[in-house]
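I have placed the structure first, in the form of structure tokens, so that the comments after it can refer back to it.
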Amino acid sequence: MAFTSFMDTALKEARAAAARGEVPVGAVIVCPKGKVIAQEGNRTRETNDPTAHAEILAIRAACEKLNSERLIGCDLYVTLEPCPMCAGAIAHARIERLYYGASDPKSGGVALGPRVFSHSQCHHVPEVYDGIAEQEAAILLKEFFGAKRG
């Protein structure tokens, strides 16, 4: 089966998050059959919930849809390198593959920072692919934070 990226859908969710005043991060979960089963953007400010990151919300929605706490064989596309909290949730959900856009030198938990998946306590390690639509994801973040500081 040919590879199909769903990062465009994640970027759409990131743009929608920015329009709501949220940090522009979007996430999409794709089932083993190649269909989108969840797509979310950050909602921490909207819900007053510090755990309402795009990845967490997408994992919750996908688990509900599949009626399972495990997302065996599912892929996650996210516009920004997951933080340690989200990386832990990805491992617990048993996500098969993680595709992300921009690296996060300040709060990343996958390739930078604590590198959650490399710890011996991590029971599941997804395949990780970084740099997917990296430039577009990084520009969204830079513009968002530039406007906040401006």
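Here, residue 1 is the first one in the sequence, and each next residue gets the next number. Quick caveat: nothing in here was measured; it's all calculated off a predicted structure.
In this structure, NZ in Lys106 is found 16.0 Å from OG in Ser103, a value given to the nearest 0.5 Å. Interatomic distance, Cys86 SG to Leu80 CG, rounded to the nearest 0.5 Å: 9.5 Å. Note that NE2 of His92 is 10.5 Å distant from CD1 of Ile59, once rounded to the nearest 0.5 Å. Here the CD-CD distance, from Glu134 to Glu81, works out to 10.0 Å after rounding to the nearest 0.5 Å. Asp75 contributes atom CG, which lies 10.5 Å from atom OG of Ser5 (distance to the nearest 0.5 angstrom).
Hydrophobic clustering keeps Val125 apart from Ile72 (ILVMFWY residues linked when any side-chain heavy atoms are closer than 4.5 Å, directly or through intermediates). Follow the hydrophobic side-chain contacts under 4.5 Å out from Leu71 and you reach Val128 in the same cluster. If you chain together hydrophobic residues whose side chains sit under 4.5 Å apart, Val25 and Leu57 never meet in one group. No continuous path of ILVMFWY side-chain contacts below 4.5 Å connects Val36 to Ile56, so the two sit in separate hydrophobic clusters. In the hydrophobic clustering of ILVMFWY residues, with side-chain heavy atoms under 4.5 Å counting as a link, Leu66 and Ile95 come out together.
Contact record, Phe6 with Tyr77: N-CE2, 3.5 Å, taken as the closest heavy-atom pair. When all heavy atoms of Cys74 and Pro32 are compared, the pair lying nearest together is SG-CD, 3.9 Å. Between Gly109 and Ala87 the shortest heavy-atom distance is O-CB, 4.2 Å. Summarising the geometry of Ala62 relative to Ala38, their closest heavy-atom pair is N-CB, 3.7 Å, with the distance given to 0.1 Å. Arg70 and Arg94 get closest at one heavy-atom pair: CD-CG, 3.2 Å. A pairwise comparison of heavy atoms in Ala61 and Glu40 identifies CB-OE2, 4.4 Å as the closest pair.
Here the side chains of Arg15 and Pro24 are not in contact, with every heavy-atom distance at 4.5 Å or above. Contact annotation: the side chain of Val110 approaches that of Leu98 to within less than 4.5 Å [non-hydrogen atoms, C-beta and beyond]. Between Lys12 and Asp8 the shortest side-chain heavy-atom distance does not fall below 4.5 Å. With a 4.5 Å cut-off on side-chain heavy atoms, Cys122 and His124 do not count as touching. When side chains are defined from C-beta on, Pro126 does not count as touching Glu96, because their heavy atoms never get closer than 4.5 Å. At a threshold of 4.5 Å between non-hydrogen side-chain atoms, the residues Val78 and Tyr99 do not count as touching. Using a 4.5 Å cut-off on side-chain heavy atoms (C-beta onward), Leu76 and Glu55 make contact. With contacts defined as side-chain heavy-atom distances shorter than 4.5 Å, the pair Arg60/Thr51 qualifies.
Here the side chain of Asn42 pairs no donor or acceptor atom with the backbone of Thr44 at under 3.5 angstrom. Judged by distance alone, the side chain of His119 and the main-chain N or O of Pro114 form a donor-acceptor pair under 3.5 Å. Side-chain atoms of Thr79 come within 3.5 Å of backbone atoms of Gly26 as a donor-acceptor pair (strictly under, hydrogens ignored).
Around the CD atom of Glu46, the shell of radius 6.0 Å holds more than 12 heavy atoms that belong to other residues, nucleotides or ligands. The 12-atom threshold is exceeded at CD of Glu127, counting heavy atoms of other residues, nucleotides or ligands nearer than 6.0 Å.
Every residue meeting the side-chain hydrogen bond (donor to acceptor under 3.5 Å, both in side chains) condition with Gln39, not counting sequence neighbours, appears here in chain and number order: Glu13.
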